[in-house]
Amino acid sequence: MKIDRRQFAGMLSAAAALGVAKRGAASVSSQQPLFVATWNFGLPACKQSLETLNKTKSILDAIEMGIRVAEADTSVDSVGVGGAPNANGVVQLDACFMDGETHKAGSVAALENYPHPISVARRVMEKTKHVLLVGAGAADFAKKQGFEAQDILTSEQKKKWEKWLADQAKAAKAADNVAPPNHDTIALVGMDATGHIAGGCSTSGLAYKMPGRVGDSPILGSGLYVDGEIGAAGATGIGENVMRYCGSFLIVEFMRSGMEPTAACRAAIERIAKTEKKKPADLHINFLAIDKKGRWGSAGTDEGYEIAVVTPESARLEKPFLVV
Ligand code: SD4
């Protein structure tokens, strides 16, 4: 059997996943903190999470402060400030936050003018009886909570959007389709040394999306899910292909049935691809997961997908299992 580069990369990460599975033998009390996030910009985010955990001893602070790093970084063109706008040139941000211990959660969707939707999502969890606030109501809540509004469309993103508009017009004349640009969400999950698990997710969503369109990221069970008894999972990619399957919930349930994190992420993608009758590579869906035993794993359909893994001993990027 001939093995191509993609399959080989997948085999390597599966082997790595087996290696890290040994961590699962540790008891909860002897576990080390662990933070895992999507994409390479997840690395500074996870490092911040560990630093915050060391300082405040709060896994919730750690998740929030880690994600805020990606939201504040204008070079990350799909999260927070510097995020891509919708088709009307307006940046609408989505985020969610979940605490595995209390099973409480908060989300915001289509939030305009607030650079840190993850913090607003955490406030929804902590200060309201609700889970999800959207649009003008979410912005109103953010204002009342004392968050400062600001223009979050950078001039660079504005230029790109104007070019996209012009390309659209040209393509319409040529009866052609313009492929949407890349899009990357931060999903960051973590566990402290006591086994307390939490997670968050933040995104500007698909670039040039239909105004009002909301993807998987702020939808609990789709872009993120945390169950304090089992583990946590998060997603990045085309939200529509995740949210119709409750992707993150599915992964946590696969782990509940005994799968280790990489196998659970892989099984979710295979389930979705089978039902969709599509090649995984055409789905553009990527996942990560951690379990209560301190194991982590990931699988995705995009070759460029990577995850950041930070423990007190190491901080590095890993290649997920590539599902082809
Ligand atoms: C969405 N899942 O809005 C988000 C976009 C994205 O990596 O992840 N990208 O569909």
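Each ligand, and each atom within it, is numbered from 1 in the order the structure gives.
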Is the closest N or O pair between [X] and ligand 1 shorter than 3.5 Å?
X      : value
Trp39  : no
Gly215 : no
Glu240 : no
Asp94  : no
Ile238 : no

Quiz item: Which atom names give the shortest non-hydrogen contact between Pro33 and Leu53, and what distance separates them?
Solution: CB-CD2, 3.6 Å

Per-atom contacts of ligand 1 with [X], taking only distances under 4.0 Å to non-hydrogen atoms:
X      : value
Gly205 : 3 (O)
Ser217 : 2 (N), 4 (C)
Asp184 : 7 (O), 9 (N)

Practice problem: Could you tell me if any non-hydrogen atom of Lys209 lies under 4.0 Å from any atom of ligand 1? | Solution: no

Is [X] salt-bridged to [Y], cutoff N-O under 4.0 Å?
X      : Y      : result
Glu276 : Arg244 : yes
Asp282 : Lys278 : no
Lys292 : Asp227 : no

Self-check item: Thr262 (side chain) donor-acceptor with Ser298 (main chain) under 3.5 angstrom
Solution: yes

Quiz prompt | From Thr203, Asp216, Val79 - option closest to atom 1 (C) of ligand 1 by heavy atom | solution = Asp216

Practice problem: Decide ring-ring contact (aromatic ring centres under 6.0 Å, His included) for Tyr225 and His103; before the verdict, give the C-alpha distance in whole Å, the side-chain angles of both, and the deciding distance to 0.1 Å. | Solution: CA-CA 10 Å; Tyr225 192 66; His103 215 78; 5.7 Å; yes

Quiz item: For ligand 1, is any non-hydrogen atom under 4.0 Å from His284's backbone (N, CA, C, O), its side chain (CB onward), both, or neither?
Solution: neither

Self-check item: From Lys55, Arg122, Arg68, residue fulfilling salt bridge (Lys or Arg N to Asp or Glu O under 4.0 Å) relative to Asp61
Solution: Arg122

Quiz item: With the 4.5 Å side-chain cut-off for hydrophobic clustering, are Tyr114 and Val91 part of the same group?
Solution: no

